[in-house]
Enquirer: 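Here it is, the structure in full.
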Protein chains: 2
Amino acid sequence: MKDPGRRPTPFPRRGHNHAKCVRHALVAAAELCARQGERLTPLRRRVLELVWSSHQPIGAYAILDRLKTDGRSAAPPTVYRGLEFLLEQGLVHRIASLNAFIGCADPGHAHSVQILICTQCGAAAELDDGRVNKALGRSAAENGFSVEGRIVELSGVCGSCRGGGDRARAGHRPHVA
Amino acid sequence: MKDPGRRPTPFPRRGHNHAKCVRHALVAAAELCARQGERLTPLRRRVLELVWSSHQPIGAYAILDRLKTDGRSAAPPTVYRGLEFLLEQGLVHRIASLNAFIGCADPGHAHSVQILICTQCGAAAELDDGRVNKALGRSAAENGFSVEGRIVELSGVCGSCRGGGDRARAGHRPHVA
DNA sequence: GCGGTTGGTGTTATATTATAACATTAACAC
DNA sequence: GTGTTAATGTTATAATATAACACCAACCGC
Ligand SMILES: [Zn+2]
Ligand SMILES: [Zn+2]
Ligand SMILES: [Zn+2]
Ligand SMILES: [Zn+2]
């Protein structure tokens, strides 16, 4: 059996079935909200769906534009409220360095994420590496600092874009839309 | 030379001689710019001085207000240009989670910082812990990601605010202005 | 000197991101 | 149904950041 802990990349493969990503995220969100006694209203669900429209972080005003083309009445507070709810439920992550949002790949349990942002394809992915969190906590503690919140955002190039992945077969076309 | 092993906190002590912090920063900046053949103009120097006006991160528009009260003609581009220059020279750091800026405590050599932000006193300090950087790089590499830029910002409570430091002597007064 | 180039700053306008405040509607409890 | 609360609609504005062009001073080659 192949090494179960080994993921070559947390980034999506080119041509992966993204509709499946979206469906899975929406189902997981519905289940999570049901468990928590929270209401995943149509608006909130739609905002989440729009966040998941790709693996590239999306800005609040891009979401707003798409809500408007839905025919729905929408203004900035509409989308920020939706995002606020989704952030509280741990269904999306905010990326401070981009002022943008990405769907959480593993909602339902507390985790502090390290966000990886590919500067080539624009996609973002998340890790939750215990060793990183431990190193951060230890470093802070040694300096008398007790950590409450962490923001870790790494920019660089993902495996697919560097060519180790599907780029060899795909020429130079980006592996995500 | 500083105590090699043990720093109780990289945060400033209450009542420390902050004028000295400012003077030191300005001298170091002048030396750095001279070495690099860059021009630390009066405006840039003043922006840096304002960034250093405290150990709390300062926003661009707060800097702008203070430039205006200098009597100097100033608009947003004035301060953003100054900040852009200082960022390029590594003289200040931008804190993405606060949209604010802090003077670099150790300019003159490339370093990727971990910013500590005290939610109680509002001060920010920087670390450059090799183990953290190593853990981040290894974690990313294992996931096929090659890191170019890092943003690490930890919020929490600094040693001085928790009472291990000078708070015992200071009652509940904040240790920084 | 002088014309040309560059870098820094001044100035006006606008883009982008986010929130305040209050009105209205939908969901729920009793 | 009526009162209560949560969610959404709506208008306005705050906060952060950049575009575009004008001006000026320093510097360079001549
Ligand atoms: Zn997908
Ligand atoms: Zn990529
Ligand atoms: Zn100081
Ligand atoms: Zn503190």
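What you see below is based on every heavy atom in this structure, not just the backbone, and it leaves out hydrogens, waters and symmetry mates. A, B, ... follow the sequence lines: proteins, then strands. Residue 1 opens every chain.
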Enquirer: Which pair of heavy atoms, one from Asp128(A) and one from Ser112(A), lies closest together, and at what distance?
Expert: OD1-O, 2.9 Å
Enquirer: Between dA17(D), dG10(C), dT10(D), which nucleotide gets closest to the side-chain atoms of Leu43(B)?
Expert: dG10(C)
Enquirer: So, does Asn99(A) get its side chain near the phosphate of dT16(C), meaning an N or O under 4.0 Å from OP1 or OP2?
Expert: no
Enquirer: For the side chain of Arg39(A), starting at C-beta, report the closest nucleotide among dT19(C), dT9(C), dA7(D).
Expert: dA7(D)
Enquirer: Can you check the Leu67(B) CG to dG8(C) P distance for me, whole Å?
Expert: 17 Å
Enquirer: Nearest whole angstrom, please: distance from the P of dT10(D) to the NZ of Lys68(A).
Expert: 12 Å
Enquirer: Before accepting this row, confirm whether a basic side-chain N of the pair Glu84(B)/Arg81(B) lies closer than 4.0 Å to the acidic partner's carboxylate O.
Expert: no
Enquirer: Can you tell me how far CD of Glu31(A) sits from CG of Leu40(A), rounded to the nearest 0.5 angstrom?
Expert: 11.5 Å
Enquirer: So if I take every side-chain heavy atom of Phe101(B) and compare against dA19(D), dG10(C), dA17(D), which nucleotide ends up nearest?
Expert: dA17(D)
Enquirer: Would you tell me if any nitrogen or oxygen in the side chain of Ser73(A) comes within less than 4.0 Å of OP1 or OP2 on dT8(D)?
Expert: no
Enquirer: Taking donor-acceptor contacts at under 3.5 Å, does the side chain of Tyr80(B) reach the base of dA19(D)?
Expert: no
Enquirer: Output yes when at least one side-chain N/O atom of Thr78(A) is less than 4.0 Å from OP1 or OP2 of dT10(D), else no.
Expert: no
Enquirer: May I ask you to decide if Cys21(A)'s main-chain N or O and His24(A)'s side chain share a donor-acceptor pair within less than 3.5 Å?
Expert: no
Enquirer: State whether Arg131(A) and Glu142(B) are salt-bridged, where the test is any N-O pair (Lys NZ or Arg NE/NH1/NH2 against Asp/Glu carboxylate O) under 4.0 Å.
Expert: yes
Enquirer: Between atom CG in Leu64(A) and atom P in dA15(C), what is the gap in whole Å?
Expert: 16 Å
Enquirer: Quick one: on DNA chain D, does Ala62(B) or Glu38(A) contact a more 5' nucleotide (nearest heavy atom)?
Expert: Glu38(A)
Enquirer: Atom CD of Glu88(A) to atom P of dA6(D): distance rounded to whole Å?
Expert: 13 Å
Enquirer: Does the side-chain ring of Tyr61(A) lie flat on the base of dT16(C), meaning centres under 5.5 Å and planes less than 30 degrees apart?
Expert: no
Enquirer: So if I take the C1' atoms of five pairs at each end of the helix from dG1(C)-dC30(D) to dC30(C)-dG1(D) and get each local axis, what angle do the two axes make, rounded to 10 degrees?
Expert: 30°
Enquirer: Atom CD of Glu84(A) to atom C1' of dT17(C): distance rounded to whole Å?
Expert: 15 Å
Enquirer: Picking from dG9(D), dT18(D), dG10(C), which would you name as closest to the side chain of Arg81(B)?
Expert: dG10(C)
Enquirer: Between Glu153(B) and Arg150(A) (side chain of the first, backbone of the second, donor and acceptor by atom type, cut-off under 3.5 Å), is there such a pair?
Expert: no
Enquirer: How do Arg94(A) and Arg44(B) order along DNA chain C: which one's closest nucleotide is nearer the 5' end?
Expert: Arg44(B)
